Structure formats: C-alpha cells, structure tokens
Amino acid sequence: MFEKLVRYIFVYFLLLVSFMLFFTSLGYYIFVFNWGESILKIAINALLLISVIALSIAIYYLAEKMKSKF
C-alpha cells in the first residue's frame with residue numbers, strides 16, 4: 001500500500017516537473033530571449049530549446065508509462 005502511494009506521488013511529481021520545464025523554457029524563449037543577436041547565439045539557443053523541450057516530453061512519456069502500470 002505504501003509503495004503504491006509513493007509511486008503515485010512520484011508519477012505526479014514527474015508530470016509536474018515536465019509541465020514546469022516545458023512552459024518555463026518556452027516562456028523564456030518567447031518573452032525574455034533577445035532574438036536579435038548573432039546567428040551563432042540564436043542557433044545555440046535554438047538547439048538548447050529543442051533539447052529542453054525533448055527532455056520535458058521524455059519525462060512526460062515516462063510518467064505516463066508509469067501511470068498506466070497502476
């Protein structure tokens with residue numbers, strides 16, 4: 001019983017982390033980042049944005065897989 005409760009809390013913690021990571025990275029690049037910089041700086045930040053979004057999607061996928069095993 002205790003193990004199921006811990007897994008349940010952990011899954012929803014992962015979902016929360018995924019949500020926060022996704023929207024904070026998008027918010028930073030939409031509202032804060034200066035896209036008028038050099039091409040190299042824009043390319044580096046675009047790659048960073050893509051990797052952070054991919055990481056948040058992977059965390060979400062992992063959490064959904066764990067949630068389906070309940």
Side-chain angles (χ1 to χ4, degrees):
M1 178 69 182
F2 182 71
E3 182 181 321
K4 274 192 165 186
L5 179 66
V6 170
R7 288 183 75 194
Y8 182 81
I9 291 171
F10 182 68
V11 164
Y12 281 99
F13 175 73
L14 283 177
L15 289 173
L16 178 69
V17 166
S18 171
F19 174 81
M20 288 173 44
L21 185 63
F22 183 80
F23 284 107
T24 55
S25 64
L26 279 181
Y28 170 74
Y29 285 103
I30 290 173
F31 298 118
V32 177
F33 183 70
N34 184 11
W35 288 97
E37 298 288 328
S38 69
I39 298 296
L40 180 62
K41 195 170 190 178
I42 290 173
I44 290 171
N45 278 288
L47 287 174
L48 185 63
L49 173 66
I50 290 169
S51 63
V52 168
I53 289 176
L55 177 66
S56 69
I57 292 171
I59 292 171
Y60 179 80
Y61 177 76
L62 175 71
E64 286 295 322
K65 276 289 210 189
M66 289 175 68
K67 191 166 74 169
S68 69
K69 291 184 180 184
F70 283 132

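Worth saying up front: this structure is predicted, and the values here are computed from it rather than measured.
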Practice item. Report the distance from atom CG of Leu16 to atom CD1 of Ile9, rounding to the nearest 0.5 Å. Key: 13.0 Å
Point to revise | Flag if over 12 foreign heavy atoms under 6.0 Å of OH, Tyr29 | key: yes
Review point. Can Trp35 be reached from Val32 by stepping across I, L, V, M, F, W or Y side chains whose heavy atoms are under 4.5 Å apart?
Key: yes
Check your understanding: Which heavy atom in Ile42 sits nearest to a heavy atom in Glu37, and how many Å separate them?
Key -> CD1-O, 3.6 Å
Check your understanding: For the hydrophobic clusters of this structure (ILVMFWY residues joined by side-chain heavy atoms under 4.5 Å, transitively), does one cluster hold both Leu26 and Leu48?
Key -> yes
**Study point:** ILVMFWY network linking Leu55 to Ile44, side-chain heavy atoms under 4.5 angstrom
**Key:** no
Exercise for review: Kindly give the heavy-atom pair with the smallest separation between Lys69 and Arg7, and that separation in Å.
Suggested key: CB-NH2, 4.4 Å
Exercise for review: Would you check if Ile59 and Ser56 make a side-chain contact, meaning some heavy-atom pair closer than 4.5 Å?
Suggested key: no
Point to revise | OH on Tyr28 to CG on Leu49, rounded to 0.5 Å | key: 10.5 Å
Practice item. Give, for atom CG of Leu62 and atom CD1 of Ile57, the distance between the pair rounded to the nearest 0.5 Å. Key: 14.0 Å
Check your understanding: Which pair of non-hydrogen atoms, one from Ile53 and one from Ser25, has the smallest distance, and what is that distance?
Key -> CG1-OG, 4.1 Å
Exercise for review: With sequence neighbours left out, write down each residue that passes side chain to side chain contact (heavy atoms under 4.5 Å, CB included) with Phe23, or none if nothing qualifies.
Suggested key: Phe19
Review point. How many angstroms lie between CG in Leu15 and CZ in Phe10, if you round to the nearest 0.5 Å?
Key: 10.5 Å
**Study point:** Non-neighbouring partners of Ser38 that pass side chain to side chain contact (heavy atoms under 4.5 Å, CB included), sequence neighbours left out
**Key:** Leu40, Lys41
Check your understanding: Is the backbone of Leu14 close enough, under 3.5 Å, to the side chain of Ser18 for a donor and an acceptor to pair up by distance?
Key -> no
Review point. Cluster question for you: counting only ILVMFWY and a side-chain heavy-atom cut-off of under 4.5 Å, with indirect links fine, are Met20 and Ile50 together?
Key: no
Review point. Would one find more than 12 heavy atoms of other residues, nucleotides or ligands at under 6.0 Å from atom CG of Leu47?
Key: yes
